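Data block below; observations after.
Residue numbers run from 1 in the order of the sequence given. Note that these values count all heavy atoms, side chains included, but never hydrogens, waters or copies made by symmetry. What you are looking at is a predicted structure, and each value in this text was computed from that prediction instead of being measured.
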Amino acid sequence: MHDMDHRLLAALRDCGTDPRVAATARALSFSGEHGALWIAAGLIGAAADRERRGAWLRGTALTAAAHLTSMGLKRIVRRPRPDCAAAPLVRTAGRHSFPSSHATSSAAAVVAYGALRPAGARLVPPLAAAVCVSRLVVGVHYPSDVAAGAALGALTARLGATWMNGGRSRA
């Protein structure tokens with residue numbers, strides 16, 4: 001697993017040598033910092049969709065809670081960030097990498113917001129995947145960090161789905 005993690009990271013990090021790819025990856029990484037992209041999306045959803053405002057706000061809270069959970073796990077696991085031959089393309093808020101908080105909040109948003117509107121189910125997953133991959137391209141996470149973060153985010157949002165929907169389970 002360790003060898004595969006390093007090989008995949010090296011391959012994706014090499015994509016960042018293209019200036020257009022690097023700029024896109026930096027922008028995606030920046031937008032996902034502290035779950036900001038997903039919190040903003042949830043608040044916009046709450047403002048635009050009055051019928052489901054409460055569910056959007058609870059979904060936003062689930063996304064933020066997932067992010068905070070990943071930050072707590074980082075303090076326990078304390079896995080150092082990758083030491084790539086090339087310098088990372090972005091600065092990080094912390095020095096630990098497992099799990100990826102960007103991936104955690106992205107996956108939580110996919111599950112939570114995708115359940116609220118069909119447009120969310122179509123638009124959020126590709127953007128969330130791009131945010132996740134960006135963390136590899138910029139060289140600050142191993143693939144296993146991203147996979148674990150995505151699993152944590154999806155699980156957190158799934159566990160809170162009934163609460164998000166006002167006590168009704170989704171059919």
Side-chain angles (χ1 to χ4, degrees), residues 1-16 25-43 55-115 124-165 169-170:
M1 178 69 158
H2 176 78
D3 187 46
M4 186 184 331
D5 237 7
H6 285 271
R7 283 186 290 151
L8 282 169
L9 173 61
L12 288 164
R13 180 64 183 90
D14 283 347
C15 294
R26 279 194 298 270
L28 286 165
S29 283
F30 178 74
S31 71
E33 198 66 43
H34 304 295
L37 171 65
W38 307 118
I39 292 169
L43 295 175
W56 278 102
L57 292 173
R58 288 186 293 274
T60 304
L62 282 173
T63 300
H67 185 82
L68 290 171
T69 301
S70 72
M71 290 173 58
L73 278 174
K74 280 184 189 207
R75 293 182 188 273
I76 295 167
V77 175
R78 305 179 76 78
R79 181 183 193 182
R81 292 204 183 265
D83 185 19
C84 299
L89 298 177
V90 296
R91 297 181 74 172
T92 58
R95 62 180 191 254
H96 301 115
S97 70
F98 185 91
S100 165
S101 296
H102 280 69
T104 303
S105 58
S106 294
V110 166
V111 172
Y113 304 157
V124 175
L127 182 56
V131 169
C132 291
V133 171
S134 79
R135 302 305 282 168
L136 302 169
V137 173
V138 299
V140 297
H141 281 293
Y142 294 103
S144 58
D145 299 337
V146 172
L152 174 63
L155 177 65
T156 302
R158 186 66 196 118
L159 289 173
T162 301
W163 173 73
M164 183 185 81
N165 289 305
S169 62
R170 249 184 90 211

- Query: Closest heavy-atom contact between Val138 and Ala25?
  - Reply: CG1-CB, 3.7 Å
- Query: What residue pairs, at least two apart or across chains, pass ring pair (Phe, Tyr, Trp, His ring centres under 6.0 Å) with a residue in residues 143-162?
  - Reply: none
- Message: Apply side-chain contact (heavy atoms from CB on, under 4.5 Å) to residues Tyr113 and Thr60 and explain how you reach the verdict.
- Response: CA-CA 8 Å; Tyr113 304 157; Thr60 304; 3.4 Å; yes
- Check the pair Leu127, Leu28 against side-chain contact (heavy atoms from CB on, under 4.5 Å), reporting the backbone distance first and the verdict last. CA-CA 9 Å; Leu127 182 56; Leu28 286 165; 3.8 Å; yes
- Item | Where Phe98 and Ser144 come nearest, the two heavy atoms and their spacing | CE1-O, 3.8 Å
- Non-hydrogen atoms of Ala108 and Ala66 that approach each other most closely: CB-CB, 3.8 Å
- Sorted by first residue and then second, give each salt bridge (charged side-chain N to carboxylate O under 4.0 Å, His left out) pair with at least one member in residues 94-103; sequence neighbours left out. none
- Task: Specify the closest pair of heavy atoms between Ala112 and Thr63, including all atoms of both residues, with the distance to one decimal.
- Result: CB-OG1, 4.4 Å
- Output the distance between atom OG (Ser100) and atom NZ (Lys74), rounded to the nearest 0.5 Å. 6.0 Å
Donor-acceptor contacts, no H, no angles, side chain residues 128-135, under 3.5 Å, sequence neighbours left out:
unit_1	atom_1	unit_2	atom_2	d
Ser134	OG	Ser29	OG	3.1
Ser134	OG	Val131	O	2.6
Arg135	NE	His102	ND1	3.3
Arg135	NH1	Ser29	OG	3.3

- Nearest 0.5 Å, what's the CG-CG distance between Leu159 and Leu62? 9.5 Å
- Task: Can you run down the salt bridge (charged side-chain N to carboxylate O under 4.0 Å, His left out) pairs that involve residues 139-151, sequence neighbours left out, and say none if there aren't any?
- Result: Arg79-Asp145
- Message: Under a 3.5 Å distance rule, please check whether Ser97 uses its side chain to pair with a backbone N or O of Pro80 as donor and acceptor.
- Response: yes
- Atom pair OG (Ser105) and CE (Met71), whose distance is rounded to the nearest 0.5 Å: 10.5 Å
- Message: Show every salt bridge (charged side-chain N to carboxylate O under 4.0 Å, His left out) that has at least one partner inside residues 103-112, sequence neighbours left out.
- Response: none
- Derivation of the side-chain contact (heavy atoms from CB on, under 4.5 Å) call for His67 and His34: CA-CA 7 Å; His67 185 82; His34 304 295; 4.2 Å; yes
- Item | Exercise: identify the closest heavy-atom pair between Ala115 and Met164 | CB-CE, 4.1 Å
- Item | Side-chain (Arg58) to main-chain (Trp163) donor-acceptor, under 3.5 angstrom | yes
- Of all pairs that satisfy salt bridge (charged side-chain N to carboxylate O under 4.0 Å, His left out), the ones with a partner from residues 100-110, not counting sequence neighbours: none
- Query: Looking at Trp56 and Ala41, what are the two nearest heavy atoms and their distance?
  - Reply: CZ3-O, 4.3 Å
- Query: To the nearest 0.5 Å, what is the distance between NE2 (His141) and CZ (Arg81)?
  - Reply: 4.5 Å
- Test log, rule side-chain contact (heavy atoms from CB on, under 4.5 Å), inputs Leu57 and Leu43: CA-CA 7 Å; Leu57 292 173; Leu43 295 175; 3.9 Å; yes
